[in-house]
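The first residue of the sequence shown is numbered 1, and numbering continues consecutively from there. For ligands, and for the atoms within them, numbers begin at 1 and follow the listed sequence.
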Amino acid sequence: MGAPTTPAATGTPPRPVPGVPAANRALTRPRRRLVAAVAALLALAAVGAGSLLDLRTPAPRPADAPAGAFSATRAYEDVQVIAARSHVAGSPANEQVRAHLEAQLRGLGLETEVQDTVAQEAGQLSGAAGGATLARVRNVVARLPGTDSTGRVFLVAHYDSVQTGPGGNDDAAGTSTILEVARALTTGPRPRNDIVFVLTDAEEACLCGASAFAASHPLAADGGVVLNLEARGSTGPVIMFETSRNNAKLVDIFGRAAPHPVGTSFAVEIYRALPNDTDFTAFLDRKFVGLNSAYIDGGAIYHTPLDTPAAMDRGSLQQHGDNALGLAREFGRTDLTDLRSGHDATYFPVPGGLVRYPGWLTLPLALLAVAAVGALGWLTRRSGRASTGRLVAGFALALVPIVAAPVAAQLLWLAITTIRPGYAELLDPYRPIWYRLAVLALATAVVLTWYALLRRRVSPAALAVGGLAWLALLGVLLAVAVPGGAYLTTLPALAGALGGLVALRTRQTGPWPVVAVTAAAAVGVVILLPTVVLLFPALGMAMGGVAALVAVLLGLAALPVVDLLHPQAGGQRGLLALRARRLGVLPAAAAAVTAVVLAGVGLSVDRFDAAHPAPTHLMYALDAGTGQARWLSHEGDPQPWTDGYVDGVTTVDDFPGLGDAELRGGPAPAADLPAPKVEVLSDTRSGNERLVRVRVLPQRPVRLLTLHVNGPTAVTSATVNGRQFDVRMAPTQKPWGFGVVFHAPPAEGVEIALTMYPSLADGPVALRAMDASDGLDALPGFRPRPPAVGVVGSHSSEMLAVARTYPL
Ligand SMILES: [Zn+2]
């Protein structure tokens, strides 16, 4: 090839390759490079496919599976009974579900009882800021006595659903799993330890059932191991996403005894940062240890009318059951007297199992990775592959894709939600796969474009070392701030540095440099690819930037392999080099086009229709005293359907029971509905205090009852149905201050005694009573939703609240 020489395009002159005539170099090398690139990419693709296949759910086992095994088909029969319709705590439907659960457990010959009590909210939910949230709960509790118990194992799931949906997954999945696990356990030899099946009530309202069990049930008095089973979606792998502190021994048992152990110490850290709570929180508040598991993909149906049994992926149910049964058996035979270890473990899934190592290794490993990358940088400079200046430039410029890809992903989602505003009210789109792939293509485009633009100016070696340096430094930051997540960047950085060192020390003409950098990149793939895939459902598309960030980190860990897609630096001269450089931007351009195409496919495939409606939020608030009624909505930017009811933003401080300061609101016709009655049972002054005892009595079937005291009145203590609360509620400027929220109130009402400060309560004292039922269909002025308009999965959708002020 007698191509003319263009000095600007050459870079450094090529080193002579022994045995290859100069005229052939340009041809031979790109071809060899292409073979190496294809081989390396195929190897990484195989490793990635292996990692992802490992996240697949098992096939559901049939009804005739062996008696000692978990069968999703058998469990699903219970799902259909439990989730036949919405069964919110306190409703007649929930009573029927409870009767079914009792009958099933008794039928297995287990000691079964119903814990019927009033309990206070666990954890820090929003229910009643500056007040008390309670519920009447009825937990179904059954015990399989151990032969020589060293402690108790608790399998926990909640059997109540939200008011807006039947809870086909949330949490008929956990409840039916426990029934089937109980059945399997009763067929075999008795376990050594007591196993207690706890089907809790009022989880959706306030975690009150779990709170009641953990705080006051005799079987809970000595603590034990809790396995909580949940679902926040309809499909996907079951992820063990939360543990008690000092979890090393528990995680070790999880890794050994769960047949499909998907879990990462990073998920624990993410979960702590999210405003979610499950029954597990109520146990963590006490002296329990344990593991919390859920499947979370298919989040579009979460808490909506679409969360039906039919929506359930029975592979996810099978995984729940396989793991719960394996863990129940293992904890059933383990000595439970000392399950706490002195530390948390770092753990993550790899094909075939769960890697785990002690948390105290986190920081030393992170520092080792920094040292290894430092050594690689030093050797790179010494071998003449990059000057100090270029290494510094590589490090500085590697920050560009780390920042640009998440920003680009968020902008892409902003564009998509601008085109389809209905996504704003969804946890995740109904068919998120296209958008997830679009985000990945976008992250790929960012990395490839950045690399194609810089590799000749800065040098491939300097960019690779710079990328690894960021991974190593992030590892140190994470080790200090979020130790459970440090492995994500520490291990790929360490592997990348070692791979780079090997590549530098081996003969450059043989295959070993490519093998070394490919093996190092494979470590990044095994660790980061499942993380990307699990982050999408965990955070939803609205936070797709986080997945994009992790994808970029994966790209940086694999830069030496990416480099094989480009012509060797200095490997060609002249026109050939120019053509090769143009070819080098091809992958980047292809990825960018792919991102746009995928986003377009998502928009055209994932349209709203009757089976995939655009969710809307609406509720109704009536002041029975003034006869004024309003439609209210949580939607920030109301959908067209909601727009027919609400206009501007309105304050709702006259409805303190709703827990919101402002909502979208619009006038509504007043319905002929009674407010709850407040009967004063006694009103006495004792010394400096005024003690008021009232009964709040709903006048219709309701799910919720609230009572608030006017703002200027200081309340120092409250007793609800005989239960005393310490209260420190100073007077406030707001119209209403201290309040009691009572879920699933008994028909005979709730008795509340309040102690107030006289100096402040000398003024007029007023009480505001509110109750709430569910369903707007019967209200005047309500027009049913068209087929493609649905209900937002929330605890206040479709709520019908009636309130009234009672001066004392
Ligand atoms: Zn729920």
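- In summary, E203 places no N/O/S atom under 2.8 Å from the Zn ion (ligand 1), failing the contact criterion.
- When distances from the Zn ion (ligand 1) to the N, O or S atoms of E204 are compared, OE2 comes out shortest.
- In this structure, D297 pairs ionically with R436, as a charged nitrogen and a carboxylate oxygen lie closer than 4.0 Å.
- Around the Zn ion (ligand 1), the angle linking D170 (OD2) with H303 (NE2) is 90°, rounded to 10 degrees.
- Between R138 and E102, none of the side-chain N atoms (NZ, or NE/NH1/NH2) sits under 4.0 Å from a carboxylate O, so this pair counts as no salt bridge.
- For F213 and F288, the ring centers are positioned 6.0 Å apart or more.
- The shortest heavy-atom contact between F70 and Q318 is O-NE2, 2.8 Å.
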